[in-house]
**Student:** 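Okay, here's the structure, questions in a sec.
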There are 2 protein chains.
Amino acid sequence: MTSQVNTEQRILNAARKVFTQKGMAAARMQEVAEEAGINKALLHYYFKDKQHLFEGVFKESAQRQFGCIWDSLKQCDCLFPAIEAFVTAYLDRMIEEPMLPLFIANELNRDAKGLADFVDRGKESRARFLHMVEEARKNGEIIDIDPRELLVNIMALCAHPFIAQPMLKHIHGISDEAFRRMIQKRRKSVPEFIIRSIRA
Amino acid sequence: MTSQVNTEQRILNAARKVFTQKGMAAARMQEVAEEAGINKALLHYYFKDKQHLFEGVFKESAQRQFGCIWDSLKQCDCLFPAIEAFVTAYLDRMIEEPMLPLFIANELNRDAKGLADFVDRGKESRARFLHMVEEARKNGEIIDIDPRELLVNIMALCAHPFIAQPMLKHIHGISDEAFRRMIQKRRKSVPEFIIRSIRA
DNA sequence: GTCTATATGTAGATAGAC
DNA sequence: GTCTATCTACATATAGAC
């Protein structure tokens, strides 16, 4: 009863680090324990088994993170500012946790069970966004484009640099620091890129 | 000496299927064997261990596939047709092997050793493409944009739908067949999207 | 709550017959 | 070349002392 809250949080942080780096299958409970400064047995005291630990991480990390991103749309009424807000929110979050997009893509692919909860988290915001696109199209502000396709394109431009990070670093021969600068530039350039392509 | 060539190829095909679906860590030799219609021992007869089998798949599948994509640029002298050729080649290849982008992103992230060979495969074509962008910019055909950033955007728009496939299917509630139709549409819409955003 | 020690399961790899 | 049977290693998970 002394520090169980801290310990649980330390475990979650450690597990998040190891899971996102190695993925569920390659992650080792031993490594999580070491990272958290405890031993394996204690992991099982706090989390029944690996699957439960994984779900704890997934809920805490992925769900909360992406919730904030979708929430960034709530204050926006116009489409173009909404796109800017969404992109910057996305990139700012991901720069804190660069392995998250790949991790999530992987685990959603591996096991669709946790998908429903996770995806539904931003449901209303997503619907609102699609509706804004539809309106902008009717008003003649943007060209004729499928709203869902636009959303796919936006998420692609945000997420892919993180997913392809090792390839990019090697191709362009850049360091971690240079990668961060590139992402910083994209906070401006990606919204510009998108808006140029849809503006009527 | 009877059918060893066929068997080796059957193993590679089976391994490619299992590895791309499950990823290296979660893939099971047992499952590869069953998929190939043989037993585990025979896998080790043809491929010393799991790592060697993996490298066989990676070389055959990933390297050859992406080679063709980069080669699609070779016949093009102008930027816009080059973009169209690259995007259609990319999507046409990936529709045959939808799990490949996620698989490659994963394994490059997990183990950077195989990266050098793989990435260098399209080196000249990539350099040529970047040069074409540079020229188009000087000629005032396109806006002022970092060629490498443009390339990142193009690859993002091509690869990401496949990487986020499970999420997209759930969000939009679409089937495998509808997903394929969406990709078909993107063969036209993605080049348009890109060209609209960079045309001067 | 935290530890050491151990049990259990499973996957990769080998030996050896055919 | 292909199989059956087995060995070895290791990761998850549990038992039980403190």
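Chain letters run A, B, ... following the sequence lines, proteins first, then strands; residues in each count from 1.
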**Student:** Would you say B:H172 has more than 12 foreign heavy atoms packed within less than 6.0 Å of its NE2?
**Tutor:** yes
**Student:** Report each atom pair, protein N/O against N/O of nucleotides 3-5 of chain D, whose distance is under 3.5 angstrom.
**Tutor:**
residue, atom, partner, partner atom, Å
D:dC3, OP2, B:N39, ND2, 3.4
D:dC3, O5', B:N39, ND2, 3.0

**Student:** Expressed as a whole number of angstroms, how long is the span from A:L43:CG to D:dA13:P?
**Tutor:** 10 Å
**Student:** Using whole Å, report how far NZ of A:K50 lies from P of D:dA11.
**Tutor:** 10 Å
**Student:** Just checking, is any N or O donor in the side chain of A:T20 or A:E97 under 3.5 Å from an acceptor N or O on the other one?
**Tutor:** no
**Student:** State, with a plain yes or no, whether a side-chain heavy atom of B:I38 is found less than 4.5 Å away from one of B:Y46.
**Tutor:** no
**Student:** Report the distance from atom CZ of B:F19 to atom C1' of C:dA11, rounded to the nearest whole Å.
**Tutor:** 13 Å
**Student:** Return the value, rounded to whole Å, for the distance between atom CD of B:Q51 and atom P of C:dG12.
**Tutor:** 12 Å
**Student:** Angle between ring planes, B:F19 versus B:F54, binned at 30° and 60°: parallel, tilted or perpendicular?
**Tutor:** perpendicular
**Student:** Pick from B:I104, B:N106, B:N109: which one makes a side-chain contact (heavy atoms from CB on, under 4.5 Å) with A:P166?
**Tutor:** B:N109
**Student:** How many whole angstroms separate atom CZ of A:F54 from atom C1' of D:dA11?
**Tutor:** 18 Å
**Student:** Please check: side-chain N/O of B:R28 versus main-chain N/O of B:V18, any donor-acceptor pairing under 3.5 Å?
**Tutor:** no
**Student:** Residues from residues 22-35 of chain A sitting under 4.0 Å of DNA chain D, heavy atoms only?
**Tutor:** A:A27, A:R28, A:M29
**Student:** With under 30° as parallel and over 60° as perpendicular, where do the rings of A:H160 and B:H160 fit, or are they tilted in between?
**Tutor:** perpendicular
**Student:** Does A:T7 put a side-chain nitrogen or oxygen below 4.0 Å from OP1 or OP2 of C:dT2?
**Tutor:** yes
**Student:** Check the distance between D:dA11's C1' and A:D49's CG and give it to me in whole angstrom.
**Tutor:** 13 Å
**Student:** Would you kindly give the CZ-to-P distance between B:R10 and D:dT2, to the nearest whole Å?
**Tutor:** 8 Å
**Student:** How are the rings of B:F179 and B:F162 set to each other: parallel, tilted or perpendicular (split at 30° and 60°)?
**Tutor:** perpendicular
**Student:** If I take atom NE2 in residue A:H44 and atom P in nucleotide D:dA13, what distance separates them, rounded to the nearest angstrom?
**Tutor:** 5 Å
**Student:** Examine C:dT2: is either OP1 or OP2 under 4.0 Å from a nitrogen or oxygen in the side chain of A:Y46? Give yes or no.
**Tutor:** yes
**Student:** Under 4.5 Å between side-chain heavy atoms, chaining through other members, with only Ile, Leu, Val, Met, Phe, Trp and Tyr counted: pull out the rest of the cluster around A:M99, sorted by chain and number.
**Tutor:** none
